[in-house]
Amino acid sequence: MNPLPPAYGWIDDLRPLPRMLQEARKLFGTKEVAGSANNPVILGWAKEVGLAKSYNDDVIPWCGLFMAVVAKRAGKPVMEGPLWARNWVTFGQAADEAKLGDVLVFRRSESAGHVGLYVGEDYGAFHVLGGNQSDGVTITRIARDRCIAVRRPVYKAVPATAAPIQLAANGALSTNEA
């Protein structure tokens with residue numbers, strides 16, 4: 001596995017991690033290939049979740065694809081139309097406050113969105129592990145006021161680590177996850 005940035009190294013020490021976060025962690029550091037080439041790993045995710053016909057180029061926004069492969073590997077249902085980030089507002093169940101491993105859906109523009117997993121928060125932002133963030137699987141800070149939905153995976157038993165996590169406000173805020 002690729003190492004996490006030092007500010008997030010604590011994630012590797014938590015047990016048990018929420019299952020979707022555990023699967024997402026394994027993919028941390030995956031990046032698009034620069035230029036006209038494609039990362040075969042990212043294209044393989046599309047094949048794994050049955051989207052190879054509609055997803056065939058890693059220049060296409062892939063945050064929803066990342067979440068679909070994470071959900072599938074975690075044994076969670078992949079919802080209809082997972083490539084469209086805003087469709088994730090129907091995943092799992094609504095939650096009033098974000099907790100470790102929750103799905104966060106953000107607005108990017110009037111109609112575009114972004115989706116990723118909650119790893120923490122500070123006074124003005126959520127810290128999100130997601131795909132297609134600076135063309136890779138990274139952790140980035142996204143302004144709280146852009147969040148349009150907090151969705152919790154359905155658990156048989158909620159992991160003890162699924163709790164709100166307060167973090168320092170380190171790093172710039174993301175303004176366009178692509």
Side-chain angles (χ1 to χ4, degrees), residues 1-5 8 11-12 14 16-93 98 100-109 111-119 126-142 146-155 159 162 174 176-178:
M1 272 193 302
N2 291 308
L4 293 169
Y8 301 103
I11 292 171
D12 289 337
L14 281 182
L17 278 178
R19 188 86 168 100
M20 285 181 64
L21 185 57
Q22 180 182 351
E23 292 301 324
R25 169 62 186 99
K26 294 174 187 174
L27 304 176
F28 182 84
T30 304
K31 294 184 182 294
E32 290 179 19
V33 174
S36 61
N38 292 297
N39 184 331
V41 171
I42 295 171
L43 296 182
W45 297 344
K47 185 175 182 180
E48 183 177 339
V49 297
L51 296 171
K53 288 183 180 176
S54 57
Y55 191 90
N56 56 14
D57 191 329
D58 69 14
V59 73
I60 299 168
W62 50 274
C63 62
L65 174 61
F66 169 79
M67 291 299 297
V69 79
V70 164
K72 181 177 186 290
R73 291 178 182 181
K76 306 295 181 192
V78 176
M79 25 75 65
E80 193 70 30
L83 295 177
W84 187 248
R86 288 191 179 199
N87 283 352
W88 287 87
V89 300
T90 64
F91 178 80
Q93 52 197 348
L100 190 69
D102 282 353
V103 174
L104 302 179
V105 182
F106 298 92
R107 93 178 122 33
R108 276 186 24 183
S109 67
S111 61
H114 182 67
V115 61
L117 293 170
Y118 173 97
V119 296
F126 289 113
H127 297 234
V128 179
L129 172 55
N132 204 35
Q133 296 179 165
S134 300
D135 295 331
V137 177
T138 67
I139 299 174
T140 194
R141 292 177 65 234
I142 303 175
R146 289 181 48 208
C147 187
I148 60 173
V150 177
R151 304 296 297 187
R152 185 151 302 136
V154 175
Y155 295 112
S174 173
N176 186 16
E177 301 70 44

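Keep in mind that this is a model prediction, so the values were computed, not measured. All values below come from the heavy atoms of this structure, side chains included, with hydrogens, waters and symmetry mates left out.
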Atom pair [atom1]/[atom2] of [X] and [Y] - distance to nearest 0.5 Å:
X    : Y    : atom1 : atom2 : value
I139 : I11  : CD1   : CD1   : 4.0 Å
Q93  : D102 : CD    : CG    : 9.5 Å
L104 : F126 : CG    : CZ    : 5.5 Å
D58  : N132 : CG    : CG    : 8.5 Å
L21  : F28  : CG    : CZ    : 11.5 Å
L65  : L43  : CG    : CG    : 8.5 Å

With sequence neighbours excluded, residues passing ring-ring contact (aromatic ring centres under 6.0 Å, His included) with Y55: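 So Y55 forms no ring-ring contact (aromatic ring centres under 6.0 Å, His included) with any residue.
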Taken in chain and number order and not counting sequence neighbours, the residues that satisfy ring-ring contact (aromatic ring centres under 6.0 Å, His included) with F106 are none
Would you list the pairs meeting salt bridge (charged side-chain N to carboxylate O under 4.0 Å, His left out) in which at least one residue belongs to residues 20-38, sequence neighbours left out? D12-R25, R19-E23, E23-K26
When you look at V103 and L117, which way does the side-chain contact (heavy atoms from CB on, under 4.5 Å) test go after all the steps? CA-CA 5 Å; V103 174; L117 293 170; 3.9 Å; yes
Describe, in one word, how the ring planes of F91 and W88 are oriented to each other, choosing from parallel (under 30°), tilted (30 to 60°) and perpendicular (over 60°). tilted
Only pairs at least two apart or in different chains count here, so list each side-chain hydrogen bond (donor to acceptor under 3.5 Å, both in side chains) that has a residue in residues 73-84. E48-R73
Atom of [X], atom of [Y] and distance for their closest heavy-atom approach:
X    : Y    : answer
V78  : A71  : CG2-CB, 4.5 Å
Y155 : P18  : OH-CB, 3.4 Å
G81  : N87  : O-ND2, 2.8 Å
G92  : V154 : CA-CG2, 4.3 Å

Is any side-chain heavy atom of [X] closer than 4.5 Å to a side-chain heavy atom of [Y]?
X   : Y    : value
V89 : V115 : no
P82 : V49  : no
V70 : W45  : no

Going by side chain to side chain donor-acceptor pair (under 3.5 Å), name the residues that satisfy it together with T30, two or more places apart in sequence or in a different chain. none
So if I apply the side chain to side chain donor-acceptor pair (under 3.5 Å) rule between H114 and each of R107, Q133, R86, which one comes out positive? Q133
Tell me every residue that passes side chain to side chain contact (heavy atoms under 4.5 Å, CB included) with S174, counting only those two or more places apart in sequence or in another chain. T140, I142, E177
Can you spot which of S54, C63, P61 makes a side chain to side chain contact (heavy atoms under 4.5 Å, CB included) with L83? S54
Does N38 form a side-chain contact (heavy atoms from CB on, under 4.5 Å) with N56? I'd like the steps, not just the answer. CA-CA 9 Å; N38 292 297; N56 56 14; over 6 Å; no
